[in-house]
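Both ligands and their constituent atoms are indexed starting at 1 by order of listing. These numbers come from the heavy atoms of this one structure, side chains and all, not from hydrogens, waters or symmetry mates.
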Amino acid sequence: MFNKLCIIGVGLIGGSVARSARLQHLARTIVGYGREQDLQNLQTAQQLGVIDEYFLDIADAVANADGVLIATPVSHIESTLALLKPLWSVDTLYTDVGSTKSNVLSAAKNVFGKVPPNFVAAHPIAGAEQSGVLAAVDDLFVNKRLIITPTEHTDIAALRKLQRFWQALGASVSLMDAAHHDSVLAATSHLPHILAFALVDMLGHQDEQSEIFQYAAGGFKDFTRIASSDPTMWTDICAANKSALLPLLGQLQSQLNKIQQLLIDDNYQQLFTTFSYAKHARQRFLNQIETTMSKSHTFQIQPGGKLFGETRVPGDKSMSHRSIMLGSLADGITHVTGFLEAEDALATLQAFRDMGVDIEGPVDGCVTIHGVGKDGLKAPKNELYLGNSGTSMRLLSGLLAGQPFDSVLTGDKSLSGRPMKRVTDPLSQMGAEIKTTEQGTAPLYITGKAGQLQAIDYVMPIASAQVKSCLLLAGMYAQGETRVTEPAPTRDHTERMLTGFSYPVKREASTASISAAGRLTAMDIDVPSDISSAAFFLVGASIAPGSDVTLRHVGINPTRTGVIDILRLMGANIDVLNPREVGGEPVADLRVRYSPLKGIDIPEELVPLAIDEFPVLFVAAACAEGQTRLSGAEELRVKESDRIQVMADGLQILGVDAQPTPDGMIINGSQIGGGVVDSHGDHRIAMSFSIAGLRANAAITVLDCANVNTSFPEFKDLVKNLGLTLVCTEDQ
Ligand code: S3P
């Protein structure tokens, strides 16, 4: 990538860049530059083989270099750029690794008049408490984030090259403008460092300090680890990012005052709420980091076995989303039990917290929502990040289109590739203003049009419960009666739950209609188990000889039971026991026992009623005798992954004759073999291939399984309890 890479400042970061660039063969020669006082460090760097050569003269150092990386403290960047100015070459890529970015760009402007197009500022979010080249390591940037902060003048080729360079060092690269970078880092890095330094400074000056430190337990050590960092560097960073830090320090002070007051008032209930909110927020952040940093989970499944026993799978995802949405808009307090504590539903919960709704929990599936009323949502301070959840994004787009505030909806890589025009087109017919990318994908920029939406009569071109629900939610804020007609029945949880909340919805044949005349009255919701999660066990027990599983309290809403119908057509032995109605939704226990399956042509009218269950139904088809054919299911191509292609690829790797078609698949049942398959980060694919292990004749490894946490975090434990041998490994 580089012929000669010059590192200015061969310390922990500069040295680690050099070491890993060498390891990855990214530069023919790597040289270092430093000042007289850095001589010893430079000599060490050369002796260690971190750099090939060092120079104390900058002109010699950068002569013929096609890459120059400034790894000095941020306060030295301006003087370094001034030294480089007379030597500047338009053919060289210049970059830095400073922890603050606005000041680095200002430094460049001060020196050059404007930021040169080939100076691309960047910041690797990686480090250690130690400094100097002796602390440099080969893998400092592996699985770490690297933020590039381009300007409008940045040369695209230079930007791409830098991006490739850092990716080759193992970093996950994102782009951001410098001011945004600085405010994000002020909150996530600089403020915690100030806190750690301040706490140790305060405790260190107390009379009884030796005693405090003698008895200091884990909390002190964990919390103050970063107070061992380099004080010069951190003074520099605080000075450089003062403008972002000062308001945050103000907020922190008032938060501490609030906690002080809670203690004075003996308000332990509120203290508990604050702590439990923080605990959940932390978990959410960690999950988010885990997904974005593609810390991969791999499932390894031993072949064979059977499923035996009784279990209750987690709460229904669709209903959990809707319970938060409608509970938030209701007048009064809604108690939810059986709530799905998985990333997708938690993304919706967080979005409503971000819009000012006070939500307690979840604790053991219980959530208490203090409804703010239909017009009580507040403008979120930041974009609403919805992770992997299509339901959150599509339903929220309808709800937010008619609010008196603007909002931005974002999601992870998979969600950002999924089609959103299906909701934004009809919403814009209603007068909504929503900007998507050119491809019709997220981020969605929504301009709130309170009081300006007009009802429409919409015949959906595709059978989608998300589109229907989106339009019904928008219809609650539109003038006139909004009517949505579906080409085939889709899940009707929105209509049922609206009725439960006493909001008028009319349902005639395939049309649902709603208007703005109505209020939601809080209610208690008992969310049944998700039939889409139960489906893995319905198939698992059907294909594995000797299996006998009972799944308790499963939602069997007729718009969701396509999987039972299809499996029964294939010859499965499923008993629906103890059917009952809970909070307006039919529920039952399902007993499923092994039974040899046969291939069928899946009736097209069942497709929307089993839309999420096809990945695991393909596994059932692979175990069936004869041919199974699915058509009319092109929707599967735009789910969390292209479920037709990804399943066909995986099944073929396992030796199954599975031929993808544009709108389905043709599978000839046969022995399932072993192998390594990729779930492409799709939770249902990961779980489906795990279940295939029950009938495989060799071990199956499923890659990229972290997203199982979006719908079914307990999957690994539940399958193990019932008899599948599954080991999950987490690789950094
Ligand atoms: C859902 C509807 C379905 C389904 C998704 C959840 C819902 O999507 O696939 O997992 O909760 O409304 P479509 O409406 O796009 O078919």
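Side chain to side chain, His553 and Ser529 fail the donor-acceptor criterion of an N or O pair below 3.5 Å.
Ion pairing between a basic and an acidic side chain is recognised when a charged N comes within 4.0 Å of a carboxylate O; Glu635 and Arg422 show such pairing. Under a 4.0 Å N-O distance rule, the pair Arg684/Glu613 does not qualify as a salt bridge. Between Lys639 and Asp682, no side-chain nitrogen of the basic residue sits less than 4.0 Å from a carboxylate oxygen of the acidic one, so the salt-bridge criterion is not met. Under 4.0 Å is where a charged nitrogen must lie from a carboxylate oxygen, and between Arg629 and Asp601 at least one such pair does. Ion pairing between a basic and an acidic side chain is recognised when a charged N comes within 4.0 Å of a carboxylate O; Arg560 and Asp612 show no such pairing.
Around ligand 1, the residues contributing at least one heavy atom under 4.0 Å from the ligand are Ser318, Arg322, Thr391, Arg394, Arg422, Ser464, Ala465, Gln466, Arg491, Ile611, Asp612, Lys639.
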